[in-house]
Amino acid sequence: DTAVSQTPKYLVTQMGNDKSIKCEQNLGHDTMYWYKQDSKKFLKIMFSYNNKELIINETVPNRFSPKSPDKAHLNLHINSLELGDSAVYFCASSHTGLGTEAFFGQGTRLTVV
Amino acid sequence: ILNVEQSPQSLHVQEGDSTNFTCSFPSSNFYALHWYRWETAKSPEALFVMTLNGDEKKKGRISATLNTKEGYSYLYIKGSQPEDSATYLCAFFPNTGNQFYFGTGTSLTVIP
């Protein structure tokens with residue numbers, strides 16, 4: 001039973017389209033995150049969200065928006081996709097109040113053509 | 001955005017060699033420091049969660065130390081094996097927020 005699951009695993013789409021990547025966790029964690037793996041394979045925080053607070057990395061374009069229907073889900077919606085959005089996106093979750101480790105999804109490889 | 005740095009960025013060692021690398025983080029507002037192992041085409045997995053100054057953690061041939069006063073942690077691998085090849089990430093968790101700040105990672109390649 002996968003702890004943090006992302007769908008789809010691969011996404012190929014054209015420039016200008018709007019797309020969503022879904023993330024679900026069944027660990028009962030209170031905080032979920034989205035990370036982008038850049039071209040140098042660095043993990044950069046995009047958003048962190050719990051039921052109290054959304055923290056947005058100010059470098060993230062506002063075409064990216066997180067949507068959380070409930071505590072177990074944090075979906076990433078991207079408007080007007082650009083070539084530079086091509087990357088691997090990772091969802092993660094944790095119990096932030098305890099400082100315990102984050103659990104990651106398997107990643108979504110987004111290719112914009 | 002807090003600055004978490006790791007060095008070296010990449011490392012090639014021979015099988016059997018021991019190696020270590022560094023994670024530097026802000027020494028103020030410390031809450032926790034994590035080490036993750038990230039294999040190619042997989043997702044990062046936690047190795048250690050460290051919360052106390054002077055903490056030493058060990059898992060098999062891999063161990064880590066923590067100095068919160070000076071803001072660094074070392075990861076050691078004894079007798080490296082090819083299966084240790086991966087990127088090792090550290091993540092700093094401050095007591096003032098609710099997110100992890102990842103370092104840039106150290107890419108380790110163990111040559112058979």
Side-chain angles (χ1 to χ4, degrees), chain A residues 2-7 9-10 21 23 25 27 29-60 66 68 71 74 88-109, chain B residues 1-11 23 25 29-53 55 57 59 64 66 68 73 85-109:
Chain A
T2 305
V4 182
S5 60
Q6 291 178 234
T7 54
K9 191 172 182 180
Y10 301 97
I21 305 172
C23 180
Q25 55 97 3
L27 298 167
H29 287 162
D30 61 355
T31 303
M32 297 182 72
Y33 312 84
W34 277 103
Y35 289 88
K36 179 180 180 180
Q37 182 186 7
D38 67 16
S39 57
K40 295 184 179 180
K41 298 190 178 180
F42 299 154
L43 274 180
K44 293 190 173 179
I45 184 75
M46 299 178 72
F47 307 101
S48 69
Y49 182 79
N50 63 22
N51 58 0
K52 300 175 186 175
E53 190 177 12
L54 171 67
I55 298 178
I56 301 172
N57 180 343
E58 61 272 15
T59 67
V60 175
S68 180
K71 283 178 63 173
L74 184 66
V88 182
Y89 294 84
F90 285 92
C91 173
S93 71
S94 72
H95 270 307
T96 52
L98 301 176
T100 52
E101 68 268 33
F103 288 79
F104 285 81
Q106 75 274 31
T108 295
R109 181 174 292 278
Chain B
I1 300 294
L2 299 178
N3 208 26
V4 180
E5 296 183 352
Q6 291 186 244
S7 63
Q9 188 170 346
S10 65
L11 194 54
C23 171
F25 52 86
N29 301 320
F30 177 87
Y31 191 80
L33 191 284
H34 299 173
W35 281 98
Y36 292 82
R37 171 190 164 87
W38 190 9
E39 293 181 70
T40 302
K42 295 186 178 180
S43 50
E45 292 185 351
L47 282 172
F48 302 117
V49 174
M50 309 180 81
T51 56
L52 297 175
N53 185 41
D55 249 356
K57 301 274 187 177
K59 186 181 290 187
L66 178 67
T68 61
S73 176
S85 297
T87 295
Y88 291 83
L89 294 169
C90 67
F92 172 71
F93 192 85
N95 61 13
T96 54
N98 65 349
Q99 61 173 288
F100 296 91
Y101 295 88
F102 279 87
T104 49
T106 293
S107 174
L108 173 68
T109 303

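Only a predicted model underlies this, so the values are computations on that prediction, with no experimental measurement involved. Numbers restart at 1 for each chain; the letters A, B, ... are given by sequence-line order, proteins then strands.
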Search all heavy atoms of B:His34 against all heavy atoms of A:Glu101 and return the closest pair with its distance.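 Minimum heavy-atom contact is CE1-CA, 3.3 Å.
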Any idea which heavy atoms bring B:Ser43 and A:Gly105 closest together, and the distance?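 Taking B:Ser43 first and A:Gly105 second, the nearest heavy atoms are CB-O, 2.9 Å.
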Should we count CD of B:Glu45 as having more than 12 external heavy atoms under 6.0 Å?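 No.
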Please flag which part of [X] lies under 4.5 Å from any non-hydrogen atom of chain A: side chain, backbone, both or neither.
{"X": "B:Trp38", "value": "side chain"}
{"X": "B:Gln9", "value": "side chain"}
{"X": "B:Leu47", "value": "neither"}

Listed by chain and number, what are the side chain to side chain donor-acceptor pair (under 3.5 Å) partners of B:Thr68, not counting sequence neighbours?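 Applying side chain to side chain donor-acceptor pair (under 3.5 Å) to B:Thr68 gives B:Asn53.
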Quick one: CD1 on A:Ile45 to CZ on B:Phe100, what's the gap to the nearest 0.5 Å?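 The CZ atom of B:Phe100 is 9.5 Å from CD1 of A:Ile45, to the nearest 0.5 Å.
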Inter-residue atom distance B:Phe102.CZ - A:Phe90.CZ, 0.5 Å rounding: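 These two atoms lie 10.5 Å from each other.
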Out of A:Leu43, A:Val4, A:Asp38, which one racks up the most heavy-atom pairs below 4.5 Å with chain B?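 The answer is A:Leu43.
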State, with a plain yes or no, whether a side-chain heavy atom of B:Tyr36 is found less than 4.5 Å away from one of A:Phe104.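 With C-beta onward as the side chain, the pair touches.
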Checking A:Tyr35 against chain B: side chain, backbone, both or neither under 4.5 Å from a heavy atom?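 The side chain, not the backbone.
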